[in-house]
Amino acid sequence: MTATPESVERVHALLTDGTTVCVRHARPDDQKAVLRLYSEMSDANLRLRFFSVSRRSAEQAAARIAQPSGSGYHALVAERGGRIIGIAEYQAGPGKTAESAEISLAVGDGRHHRGVGTLLLEHLISAARAQGVRTFTADALAENHEMLKVFSDLGLHTERRFDGPEVHCVIPLEETEDYLRSVERRGRAADVASLVPLLRPRCIAVIGAGRRPGSVGRAVLHNLSTGEFTGQLYAVNPVARSILGVRAYAAVSALPRVPELAVIAVPAGEVAGVAEECGRFGVRALLVVSSGLDACQAKELLVACREHDMRLVGPNCLGLANTEERVRLDATFAAAHPAPGSAGVAVQSGGVGIALLGGLQRLGIGVSSFVSLGDKYDVSGNDLLQWWESDGRTDLALLHLESFGNPRAFSRTARRVTRRMPILTVDAGRTEAGRRAAASHTAAAATTTMTRRALFAQAGVTATRTIPELLEAAALLHSQPLPADGRVVVVTNAGGAGVLAADACAEAGLVLPPLPSGLVDDLLDVLPPGASTVNPVDATAAVSEGQLRACVDGLAAHDGIDAVLVVLVPTAVATATGDVLVKALTHASTRRARTLAAVLLDQDVPVRLLPSDNGRVPAYADAQAAARSLAHAVERARRLARPSGTVPVLEEVDTSRGRAVVDRFLRLHPDGGWLDPRACAELLGCYRIPQSPWAWVETEDEAAWAADRLKGPDGHVVLKAHWPGLVHKAAQHAIHLDLRGDAQVRAAFRDFDVRFGHVMTGAVVQPLAPRGIELFAGVVQDEVFGPLILFGLGGTATEVLADHAARLAPLTDLDAQSLITAPRCAPLLLGREGTRPLDLAGLEQLLLRLSRMASDLPQLAEADFNPVLARPEGVTALDSRLRLVPRRAPDPYLRRLR
């Protein structure tokens, strides 16, 4: 077997019933365990595996795992409870160029129909792709329906050819969208099943609840007891017989029943030992509220959870709750029980959790389930999104995540879930200093904030800046229909307040359209004399309840309006007090299901939900808060109106050759580095990224000859010096522009030779580019988020103006389009009066090809294209720099636990 760092990796993953299995590479010392797997199989299953009942075949199969490195053999085993329960293998031809491999699969008797074989095949496919294998072949008996179904259900196109009693299968391993959706579907089912003991337990034990008030464990036990948990509840305390009226036992092993969920609230040094005791007793899930675990204690805790098949929330968390009537679970130490409802909440910070629960309670928005993730050793926001997607109750998701374990998996889950419910988050850590991987424009532009925002934008997550803003947006998204677009009409009983609201809407990106004449006449008929019917509509302080209601109804019935924002101030006019106007607002019919919101300037809370005839209406104390919330709703509506993007198939991409270029460079430069212009151009050519014509020269004569060959119609060329490590040519004065004629080219080369001869390895000659818009495109490989594609204004303005946007690779077609339109310079690309738009299709292709290159080549640490010349006739990268490092990226879509 090939000895790689991955070949000794142990990962844990979930089976279809929610239990855990360890997947690892087979070792030579596994021969006896594998033989035992085969020896315990029935004769019928042995025949299906080996086409005969010969035990000799089993012995030969077990002996295969001792094959030497380079033999083309690769084997993975599934292990549970210290025993191998399944094995998946492939045999490719010798050498690194074999692109086809024959596979075999075996799962122990009594372990079928739990997804062991499919999980092993997913991991085997990922390992094979990393080794350059592109196709699996397999032979099976035609009567082996279960195995054939495993192949067909993978999500990969399987070709079958029947030959008598056997079936020959060919399975291309290309990572298609169908395959990723199939993996997601299997993962979601397993994930949800694994969370049932955590969120729907029938029996709970609280370990560490004290007899005296003040302990966290006692507080959790109190909330479970007073929250009327519907299952059996126990306490574990070495000295007490009863705590808060709950029966207590001296140890976990003394409990009369095995709890599905154990709450651990003991000192940090005791947590791992208690977890191990719980695992041996058969507990299925742990909630660890204890804090202060050091690295060794943390590792021991997680090992206990993995070895004993337990899901874990925490440590260092506030707890969890599920308000379902059949559960009524409040295992938190919060001051009040969460009210039942339909908002799912997951937070890393307990303080943020308390703030969100309090804010939702003030709004009257109940909670379906709440999980404080704490240090997030296991259960994550991704797990909770899948639970809420499946629980039949949740229609609003609120997240506070300080870190991401697998951002690309989170992005795929969130893209799917947000089609069914809004997902809101607080974009925490915005002021963290941007990381600098190297001195290129790309690395300088990429920051943690930009990366997180790219994730949220692509995933369809509504990102807010503060907790109050999150609650403001949640109030509107939870209570009102989405606006079709951003056309808003402001109605007020005070002109000045209406102007402020109009400003707030415009600053939030909303539009206040002028009202058509017919609608103006209708409004004038119902409003008091002196009313103004421009937008904003000033109904005057004399407006009555009935007039305001008629005005709002009339606006809501008009097709050219998406939302109505009513701004009210208290007045002393007898015909309509503030309370009466609020009543009119909440009784307005809005019979066309328009979005309705209010601003009540005398309100003493930032936002509240007013009961109305059609549900509830969000009322804000500040117009800017209302406008921000409307803008979030508009953005969500626009996302839902757009089709889901797809990663397009690109023509003329030679991935194999690109990988060969990378391997060749890293063999010569084991620590990595910047590619020289020739290798850089070769790699870009593998992905058909358009480049300006160029020539590499090492002498004055070569420079003159190349200039004569490459000169454009005007006869001008550019000469660029090169030496290893050179990044900013302009800053080093290592570029000569606008050279014409043999003498100028020779003089420029001699200048380089005088100034840089001790380091310069050569120079590049290019024709002088025509006029156009100078743009910038690049890639940075983030260790957590993967490749990030950046785009914006280029040339010398790149770092000065910092007009950049970013998206995570792989880009879909819609991602590429939104990346082009996101920077402030976007209007320059679309054409202005007297000018044609640039080649947007070519620009989109460049970004998609850059994304493909970054996705194919995890060794690509940075790519820096500046400038990219964009003209109506085409798009060309004039200057390109690529930096490679020796690294292997984990498969982001491979099913595995942390």
Side-chain angles (χ1 to χ4, degrees), residues 318 321 334 338-339 341-373 380-382 384-385 388 394-404 410 414 417-418 420-432 449 452-453 455-457 459-480 482-483 504 507-510 595 597-599 603 605-609 616-637 639:
L318 178 66
S342 59
V345 182
V347 297
Q348 278 192 256
S349 163
V352 171
I354 291 172
L356 284 179
L357 289 175
L360 292 172
Q361 187 171 33
R362 287 190 297 273
L363 287 170
I365 298 177
V367 171
S368 59
S369 54
F370 165 83
V371 179
S372 171
L373 300 168
S380 67
N382 203 45
L384 271 301
L385 285 179
W388 295 329
T394 305
D395 59 17
L396 175 68
L398 306 182
L399 298 174
H400 171 261
L401 302 176
E402 297 169 351
S403 62
F404 293 88
F410 172 86
V417 175
T418 198
R420 300 182 56 178
M421 69 181 75
I423 302 174
L424 288 81
T425 190
V426 179
D427 183 14
R430 296 186 308 277
T431 60
E432 182 181 343
T449 298
R452 292 166 63 91
R453 288 177 179 169
L455 172 66
F456 295 144
V461 174
T462 299
T464 65
R465 296 174 63 86
T466 63
I467 293 174
E469 184 184 346
L470 183 146
L471 291 169
E472 291 158 2
L476 189 141
L477 291 171
H478 188 68
S479 63
Q480 289 291 302
L482 289 175
E507 290 167 355
L510 304 171
T595 308
V599 176
Q603 188 169 280
V605 294
V607 60
R608 59 179 170 142
L609 287 172
R616 294 190 289 178
V617 176
Y620 301 88
D622 177 68
Q624 288 186 323
R628 280 195 305 264
S629 299
L630 283 169
H632 285 311
V634 169
E635 178 57 29
R636 171 162 171 76
R639 284 196 205 106

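Fair warning: this is a prediction, and the values are worked out from it, not measured in the lab.
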For [X], check side-chain hydrogen bond (donor to acceptor under 3.5 Å, both in side chains) against everything at least two apart and list the hits.
X: H632; value: E469
X: S342; value: D395
X: T462; value: none
X: R639; value: none

Within the 4.5 Å heavy-atom criterion, are [X] and [Y] side-chain neighbours or not?
X: L399; Y: L385; value: yes
X: I423; Y: F456; value: no
X: D622; Y: V607; value: no
X: V461; Y: R453; value: no
X: E507; Y: Q624; value: yes
X: P606; Y: P468; value: no
X: V426; Y: T466; value: no

Write down the atom of [X], the atom of [Y], and the distance for their closest heavy-atom approach.
X: A597; Y: L476; value: CB-CD1, 4.2 Å
X: M421; Y: R636; value: C-NH2, 3.3 Å
X: T394; Y: S368; value: OG1-OG, 2.7 Å
X: A508; Y: A627; value: CB-O, 3.8 Å
X: P422; Y: L477; value: CB-CD1, 4.1 Å
X: L510; Y: A631; value: CD2-CA, 4.0 Å

Please round to the nearest 0.5 Å and tell me the distance separating atom [atom1] of [X] and atom [atom2] of [Y].
X: L384; Y: S369; atom1: CG; atom2: OG; result: 6.0 Å
X: E472; Y: Y620; atom1: CD; atom2: OH; result: 6.5 Å
X: S372; Y: L318; atom1: OG; atom2: CG; result: 5.0 Å

Step-by-step side chain to side chain contact (heavy atoms under 4.5 Å, CB included) determination, L609 to V617:
CA-CA 5 Å; L609 287 172; V617 176; over 6 Å; no

So, S479 side chain and A475 main chain: donor-acceptor pair closer than 3.5 Å or not?
yes

With a 3.5 Å distance limit and no angle check, can you tell me whether T425 reaches the backbone of A463 through a side-chain donor-acceptor pair?
no

Within the 3.5 Å criterion, strictly below it, is a donor on T464 or R628 matched to an acceptor on the partner's side chain?
no

Kindly indicate, with the supporting measurements, whether the criterion side chain to side chain contact (heavy atoms under 4.5 Å, CB included) is fulfilled by V417 and W388.
CA-CA 9 Å; V417 175; W388 295 329; 5.9 Å; no

Give every donor-acceptor pair under 3.5 Å between a side-chain atom in residues 343-364 and any protein atom, sequence neighbours left out.
residue, atom, partner, partner atom, Å
Q348, OE1, E402, N, 2.5
Q348, OE1, S403, N, 3.0
Q348, NE2, G374, O, 3.4
S349, OG, G351, N, 3.3
S349, OG, V352, N, 3.2

Check ion pair D427-R465 (N to O, under 4.0 angstrom):
no

For A474, check side chain to side chain contact (heavy atoms under 4.5 Å, CB included) against everything at least two apart and list the hits.
L396, L398, L424

Candidate pair R452 and F404, rule side chain to side chain contact (heavy atoms under 4.5 Å, CB included), full reasoning:
CA-CA 10 Å; R452 292 166 63 91; F404 293 88; 3.7 Å; yes

